[in-house]
Amino acid sequence: MHQKIAIITGSSSGIGKAFLELVAGDNGEYFKSPFDEIWAVARRKDALDEIASSVGGGRVVPIVADLSDNSGIQIIEDKLKAEEPEVGLLINSAGMGIKGAVLSKSAKSLDDTVRINCSALSRMMRITAPYMKPGENGRAKIINIASSAGFLPQPGFACYAASKSYVISFSRAMSAELKAKGIDVMAVCPGPVATDFQRRATEGKEADFTDWRKNFVIDPVKLAKKSLRASVKGRKMLVYPFSQKLLHLASKIVPTSWILAFMGNGANE
């Protein structure tokens, strides 16, 4: 009998960790039956081992993999081929972004942003989908963490915003491609989230959001709960919270040139 598993990338911290803890502790709120294993994917072995020992009752399987490198994807693909599990849930939560003018950033930071946010997410879906099918928990689910940054170009955060536009578009297309296979795909588009992302995005210069975004910061656990509930209902896109719904609406009706003029060039360096 095939193991029924969930796979969560970026699960050592932030949104991914919130998802991991909720799925591991689920008592029927989201899924009718618990997963036999939850594959927790991240780069940091120490953090993964700590999480695995504290949640999931021994069901959390740490997988140390750097998704910015092809070898990281290969680790997961090889494990899938070897064990042939039944994948009921894939959450692509791994992501990165570096703030500042593109010309001031290294080629590696730009490449890594695209590799992790776009390429790794796409390949994770490609290698996982063959092992997904409807089961005890209904249709198989894929949740991709995008961002409200993907609604519009963002000077000063150009590569990240563009990568999240890709996630939104790719998720919508894959929702159609995988529908007949019993797989639901949903893109999640939050605003600022209270994680370590801001510190990493500013390369240690800011631990918290300091501009107008600080008024719209949301809790990662609330976001993960909302996302799981929306996914179970078969939603294709979740924009959260309400402030980001207004941004989404504005991106559709206000000329982009006007919004860019309001935002300025976004370069603080």
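Under the rule for a side-chain contact (heavy atoms from CB on, under 4.5 Å), the partners of A158 that lie at least two apart in sequence or sit in another chain are V102.
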Let me have the donor-acceptor pairs involving side chains of residues 32-39, under 3.5 Å, with sequence neighbours excluded, atom names and distances please.
from, atom 1, to, atom 2, distance (Å)
S33, OG, E136, OE1, 2.8
D36, OD2, K4, N, 2.8
E37, OE1, W39, NE1, 2.9
E37, OE2, Q3, NE2, 3.2

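Within 6.0 Å of atom CZ in R229, more than 12 heavy atoms from other residues, nucleotides or ligands are found, so the atom counts as buried in its surroundings. By the neighbour-count criterion of 12 heavy atoms within 6.0 Å, atom CD of E50 is sparsely surrounded, having that number or fewer from other residues, nucleotides or ligands. Within 6.0 Å of atom NZ in K17, 12 or fewer heavy atoms from other residues, nucleotides or ligands are found, so the atom counts as exposed in its surroundings. The 12-atom threshold is not exceeded at NZ of K225, counting heavy atoms of other residues, nucleotides or ligands nearer than 6.0 Å.
Looking only at distances, a side-chain donor or acceptor of K164 sits under 3.5 Å from a matching main-chain atom of I145. Of the possible donor and acceptor atoms, none in the side chain of H248 sits under 3.5 Å from a partner among the backbone N and O of F151. Listed for the D49 side chain is no donor-acceptor partner under 3.5 Å among the backbone atoms of A52. Looking only at distances, no side-chain donor or acceptor of S147 sits under 3.5 Å from a matching main-chain atom of C189. In this structure, the side chain of S227 engages the main chain of L223 through a donor-acceptor pair within 3.5 Å. Between the side chain of K245 and the backbone N or O of V239 there is at least one donor-acceptor pair closer than 3.5 Å. When atom types are taken as modelled, the side chain of R139 and the backbone of K179 share a donor-acceptor pair closer than 3.5 angstrom.
One finds no salt bridge joining K108 and D111 here, because no Lys/Arg side-chain nitrogen approaches an Asp/Glu carboxylate oxygen to under 4.0 Å.
Side-chain atoms of S231 and Y30 form no donor-acceptor pair, as typed in the model, at a separation below 3.5 Å.
Closest of all the heavy-atom pairs between D184 and G234 is OD2-CA, 4.0 Å. Contact between L89 and M132 at its shortest, heavy atoms only, is N-CE, 4.1 Å.
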